[in-house]
Participant: 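For reference, the structure I am asking about is given below.
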Number of protein chains: 2
Amino acid sequence: MALDKIDRKILTLLQRDATMPVAEIGRKVGLSTTPCWRRIQKMEEDGIIQRRVAVLDPVKVNVGVTVFVSVKTNEHNDSWMRKFSGVIDEFPEVVEFYRMSGDVDYLMRVVVPDIGAYDTFYKRLISKINLTDVSSAFAMGQIKYTTALPLDFAIISDDDK
Amino acid sequence: MALDKIDRKILTLLQRDATMPVAEIGRKVGLSTTPCWRRIQKMEEDGIIQRRVAVLDPVKVNVGVTVFVSVKTNEHNDSWMRKFSGVIDEFPEVVEFYRMSGDVDYLMRVVVPDIGAYDTFYKRLISKINLTDVSSAFAMGQIKYTTALPLDFAIISDDDK
DNA sequence: AGTGAAACTTCCGCCGT
DNA sequence: ACGGCGGAAGTTTCACT
């Protein structure tokens, strides 16, 4: 699963624009079409490339407001977590969900059109599962958002300087 | 910029899998290739579809740890924000960055391999810009992450039931 | 592992409804 | 706006170095 310099270049390009033809990617990384195609294929099989998706403009689809919701709970067992997780899966407004260390137990990012819609979401959420301590923090604006992960930390194959 | 039922179906499919051929999308939404292709084209021109990207597995590219970094500041002017924003842009580890309301002024999501790498990031960050009050919260696990935005709130065209 | 080209699939503009 | 057709372009396999 080690990636060499060329693999990382390919991934950098695909993280920016997944519509780029394999031939052009090959040209940019100094490879002809076939080996470049095989590398991409392999990274898909290995699950390094999970999927290719369309990224939409949040404002234009009317979910310009992000709310971070922190949850504290007394239920620290695995089955409760799974139940919670199942409930969250039913809410497409929740786009990210993390189990945290520290004083907050769970953190989620919720996208909605406005404060009113958030209130509706909140009521629907607490009706589905009992949550003791919930606090919401509203984002006034998204300054940076990228799906591109940094590749500087990826395991580098030995024979690659 | 109003979207009808078919447009929303198309977007749902493309948010899941952007490699799906236009002919197949058309079939699924009850349209032939050409009009379906034209709708997608239009939504790209309108900027509703921003881009198509490859989504990578964070663990497999060695950035399995997410840290949420909260920043409070005394500098509440626009030029300072722009400077901060410029600094953040230089850090690929910061994948999301929000201006917040409430007691925290800024919130960012940072992805790194481990705590040690976060410490390195943190030192590099504070060396670039003076930050008074910074606090970090570590995620123990990502339970849900999707790039797909909910389309239930999108503006619906009048002649669409 | 790399190249080149052939076979197949998909895209995308043109024209008609 | 929707649909069909056809050339252009991209993808994927194959034979060879």
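Lettering of chains follows the sequences in order, A, B, ..., and the numbering in each one begins at 1. Atoms considered below: every heavy atom in the structure, side chains included; atoms not considered: hydrogens, waters and symmetry mates. Since this is a predicted model, take the numbers as computed values, not measurements.
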Participant: Can you tell me the distance, in whole Å, between the CZ atom of A:R27 and the P atom of D:dG10?
Facilitator: 11 Å
Participant: With a 3.5 Å cut-off and heavy atoms only, can you find an N or O donor on one side and an acceptor on the other between the side chain of A:T33 and the base of D:dG10?
Facilitator: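 Answer no: no donor N or O sits under 3.5 Å from an acceptor.
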Participant: Under 6.0 Å between ring centres, would you say that holds for A:F68 and B:Y98?
Facilitator: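 Distance test on ring centres: under 6.0 Å, yes.
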Participant: What's the CG-C1' distance between A:D4 and C:dA1, to the nearest Å?
Facilitator: 12 Å
Participant: To the nearest angstrom, how far is B:I6 atom CD1 from D:dA1 atom P?
Facilitator: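 For the pair B:I6 CD1 and D:dA1 P, the rounded distance is 11 Å.
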Participant: Which nucleotide sits closest to the side chain of B:T34: D:dA1, D:dC5, C:dG4?
Facilitator: D:dC5
Participant: Taking the six-membered ring for Trp, are A:Y145 and B:F97 closer than 6.0 Å centroid to centroid?
Facilitator: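 That pair fails the under 6.0 Å test.
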Participant: Looking only at non-hydrogen atoms, find the nearest pair between A:V95 and B:A148 and report the distance.
Facilitator: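 In terms of heavy atoms, the two residues are closest at CG1-O, 3.8 Å.
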Participant: Take atom NZ of A:K42 and atom P of C:dG2, then tell me their distance rounded to the nearest Å.
Facilitator: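 Nearest whole value for this atom pair: 14 Å.
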Participant: Ignoring the backbone of A:L31, work out which of C:dG2, D:dC2, C:dG4 is nearest its side chain.
Facilitator: C:dG2
Participant: Between A:R38 and C:dG2, is there a contact of a side-chain N or O with OP1 or OP2 at under 4.0 Å?
Facilitator: no
Participant: Does OP1 or OP2 of D:dT12 have a side-chain N or O of A:W37 closer than 4.0 Å?
Facilitator: yes
Participant: Could you tell me which non-hydrogen atom of B:V53 sits nearest to which non-hydrogen atom of A:A18, and how far apart they are?
Facilitator: C-CB, 3.5 Å
Participant: Can we call the ring centroids of B:Y118 and B:F138 under 6.0 Å apart?
Facilitator: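 Yes, close enough.
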Participant: Please confirm whether any donor atom in the side chain of A:S32 sits under 3.5 Å from an acceptor in the base of C:dG4, or the reverse.
Facilitator: no
Participant: Check the distance between C:dA1's C1' and A:D7's CG and give it to me in whole angstrom.
Facilitator: 13 Å
Participant: Separation of B:I40 atom CD1 from C:dC12 atom C1', in whole Å?
Facilitator: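 Distance check: B:I40 CD1 to C:dC12 C1' gives 12 Å.
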Participant: Between A:M20 and B:G30, which has a closest nucleotide on DNA chain D that is more 5'?
Facilitator: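 So the residue in question is B:G30.
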Participant: Between A:E24 (CD) and D:dA9 (P), how many Å, whole number?
Facilitator: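 To the nearest whole Å, that distance equals 14 Å.
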Participant: Heavy atoms under 4.0 Å, any strand shown: does B:P21 hit a base, just sugar-phosphate, or nothing?
Facilitator: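 Sugar-phosphate, backbone atoms only, no base.
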Participant: Write down the distance between CD (B:Q41) and C1' (C:dC12), rounded to a whole number of angstrom.
Facilitator: 8 Å
